[in-house]
Amino acid sequence: MVQKNHPFHLVDKSPWPLLSSMSTFSMMMGLIKWFHFHENNLMMLSMITNLLIMYQWWRDVIRESTFQGLHTLKVTLGLRWGMILFITSEVFFFFTFFWAFFHASLSPSIELGLNWPPKGIHPFNPLEIPLLNTMILLSSGITISWSHHSIMENNYTQALQSLALTTILGFYFTLLQGFEYIEAPFTIADSIYGSTFFMTTGLHGLHVIIGSTFLMICLIRLYLNHFSSNHYFGFEAAAWYWHFVDVVWLFLYISIYWWGS
């Protein structure tokens, strides 16, 4: 390695940012094609190329941080701030959907029958699948914290077991939410109630899938001994993201499922 007199990481030239942008743009075009022409071939092709690009991009980042030692304390501090700002932007993203929900529910218009939920809408029972999913996410918050502290204490076995359990709980949540959507007595086209319900819960569900994938990658890396008590930011970023997903669900459950029903 070339000697340098600064703690920063000047990244090498990489094709992945440009290729991922093009692939994501293609996937959005594929979504439009699927919605309007009922053909999902472009979307599926773009999703495959996105996965291939993500795999190779993450491989390069792991190589730089874990094997080449390029992520110094200064670089890691920048990554931490980047993750904090990213989660902050996600908070404001969800804030807009909660704003739409409360704007409609606190003063329902005459088109909604001056009632919330609108006439003809039969909301979910908050004490059934939604409550079970709440318990699942709260439990996963406990297990991810258990894994975090186990890594800090260099307890490999407990860290691996608790992270595996967190990942399973994340995918189990998605499975139950998918079942809930299949059994839903209303659709996204059923007034603003259906729109706000499916947009908010659906985007949260997408974040759970992303978070579960994030945790699964961390699980593979932990199995391969990529983390230690002084080198685990990749896992820590996943844990922060997962706690954010947990907190958003609590607000979502209380406001949309319980109060809104």
Side-chain angles (χ1 to χ4, degrees), residues 9 11 20 54-55 57-62 64-66 70-98 133-156 158-174 177 200-254:
H9 177 206
V11 296
S20 64
M54 282 193 292
Y55 173 80
W57 199 349
W58 290 348
R59 176 206 62 190
D60 289 352
V61 174
I62 290 167
E64 291 163 356
S65 65
T66 306
L70 296 174
H71 285 191
T72 61
L73 292 175
K74 196 77 172 177
V75 174
T76 306
L77 180 63
L79 292 172
R80 289 175 190 275
W81 274 111
M83 194 65 194
I84 290 168
L85 291 172
F86 169 68
I87 291 175
T88 304
S89 71
E90 292 280 276
V91 169
F92 283 102
F93 178 66
F94 275 99
F95 180 79
T96 60
F97 292 100
F98 281 109
N133 267 343
T134 303
M135 301 311 297
I136 288 169
L137 277 190
L138 288 176
S139 301
S140 70
I142 295 170
T143 54
I144 193 72
S145 298
W146 172 22
S147 182
H148 192 177
H149 285 277
S150 298
I151 288 175
M152 289 193 292
E153 294 171 2
N154 266 337
N155 190 330
Y156 176 81
Q158 286 198 14
L160 195 67
Q161 291 173 348
S162 52
L163 185 54
L165 186 56
T166 309
T167 308
I168 292 168
L169 289 171
F171 285 114
Y172 184 40
F173 175 95
T174 303
Q177 192 173 42
T200 311
T201 59
L203 280 166
H204 177 269
L206 179 64
H207 281 71
V208 170
I209 293 171
I210 293 169
S212 301
T213 307
F214 203 171
L215 292 173
M216 187 172 67
I217 299 299
C218 288
L219 180 63
I220 295 168
R221 292 190 64 196
L222 181 61
Y223 179 75
L224 297 173
N225 280 307
H226 286 187
F227 299 129
S228 66
S229 59
N230 58 3
H231 176 81
Y232 59 89
F233 173 70
F235 169 83
E236 195 171 41
W240 289 356
Y241 189 81
W242 196 252
H243 286 307
F244 156 73
V245 167
D246 284 354
V247 172
V248 169
W249 174 259
L250 286 176
F251 281 102
L252 200 151
Y253 174 75
I254 293 169

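The figures here come from the full heavy-atom set of this structure, side chains too, leaving out hydrogens, waters and symmetry mates. Bear in mind that the values here come from a model prediction, so they are computed numbers and not experimental data.
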Is there a side-chain contact between [X] and [Y] (heavy atoms, below 4.5 Å)?
{"X": "His226", "Y": "Phe235", "result": "no"}
{"X": "Leu77", "Y": "Leu73", "result": "no"}
{"X": "Asn133", "Y": "Gln177", "result": "yes"}
{"X": "Glu236", "Y": "Arg80", "result": "yes"}
{"X": "Leu163", "Y": "Cys218", "result": "yes"}
{"X": "Phe94", "Y": "Phe251", "result": "no"}
{"X": "Thr143", "Y": "Leu169", "result": "yes"}
{"X": "Ser150", "Y": "Gln161", "result": "no"}

> Hey, is OH on Tyr156 packed in by over 12 heavy atoms from elsewhere, all under 6.0 Å?
Replying inline: yes
>> Tell me whether Leu85 at atom CG has more than 12 heavy atoms from other residues, nucleotides or ligands lying less than 6.0 Å away.
In response: yes
> Is there a donor-acceptor contact under 3.5 Å from the side chain of His204 to the main chain of Val245?
Replying inline: yes
Looking only at heavy atoms, which two atoms of [X] and [Y] are closest? And how far apart?
{"X": "Thr76", "Y": "Phe233", "value": "CG2-CB, 4.0 Å"}
{"X": "Val208", "Y": "Gly170", "value": "CG1-O, 3.7 Å"}
{"X": "Tyr232", "Y": "Phe227", "value": "CA-CD2, 3.7 Å"}
{"X": "Ser65", "Y": "Arg221", "value": "OG-NH2, 4.2 Å"}
{"X": "Gly141", "Y": "Asp246", "value": "CA-OD2, 3.3 Å"}
{"X": "Ser140", "Y": "Trp242", "value": "OG-NE1, 2.8 Å"}

What's the separation between atom [atom1] in [X] and atom [atom2] in [Y], rounded to the nearest 0.5 Å?
{"X": "Leu165", "Y": "Tyr172", "atom1": "CG", "atom2": "OH", "result": "12.5 Å"}
{"X": "Thr96", "Y": "Leu203", "atom1": "OG1", "atom2": "CG", "result": "8.5 Å"}
{"X": "Ser139", "Y": "Ile144", "atom1": "OG", "atom2": "CD1", "result": "13.0 Å"}
{"X": "Leu224", "Y": "Ile62", "atom1": "CG", "atom2": "CD1", "result": "9.0 Å"}
{"X": "Ile151", "Y": "Leu160", "atom1": "CD1", "atom2": "CG", "result": "9.5 Å"}
{"X": "Trp81", "Y": "Thr88", "atom1": "CH2", "atom2": "OG1", "result": "8.5 Å"}

>> One pair to check against side-chain contact (heavy atoms from CB on, under 4.5 Å): Gln158 and Asn155. What are the steps and the verdict?
In response: CA-CA 6 Å; Gln158 286 198 14; Asn155 190 330; 3.6 Å; yes
>> Between Glu90 and His207, is the side-chain hydrogen bond (donor to acceptor under 3.5 Å, both in side chains) condition met? List the steps.
In response: CA-CA 10 Å; Glu90 292 280 276; His207 281 71; 2.3 Å; yes
>> side-chain contact (heavy atoms from CB on, under 4.5 Å), that's the test. Do Thr201 and Leu252 meet it? Break it down for me.
In response: CA-CA 8 Å; Thr201 59; Leu252 200 151; 3.4 Å; yes
> Can you name the residues that form a side chain to side chain contact (heavy atoms under 4.5 Å, CB included) with Ile210, not counting sequence neighbours?
Replying inline: Leu206, Tyr241
>> Just to verify, what does Val61 make a side chain to side chain contact (heavy atoms under 4.5 Å, CB included) with, not counting sequence neighbours?
In response: Trp57, His71
> Given the rule in the side-chain contact (heavy atoms from CB on, under 4.5 Å) test, do Ile142 and Leu138 qualify, once you have shown the distances and angles that lead to the verdict?
Replying inline: CA-CA 7 Å; Ile142 295 170; Leu138 288 176; 5.8 Å; no
>> Checking Thr72 against His9 for the side-chain contact (heavy atoms from CB on, under 4.5 Å) test, could you report, in this order, the C-alpha distance in whole Å, the side-chain angles of both residues, the deciding distance, and whether it holds?
In response: CA-CA 8 Å; Thr72 61; His9 177 206; over 6 Å; no
> What class does the angle between the rings of Phe93 and Phe97 fall in, given that below 30° is parallel, 30 to 60° is tilted and above 60° is perpendicular?
Replying inline: perpendicular
>> Going by the rule side chain to side chain donor-acceptor pair (under 3.5 Å), which residues pair with Ser212 if we only count those two or more places apart in sequence or in a different chain?
In response: none
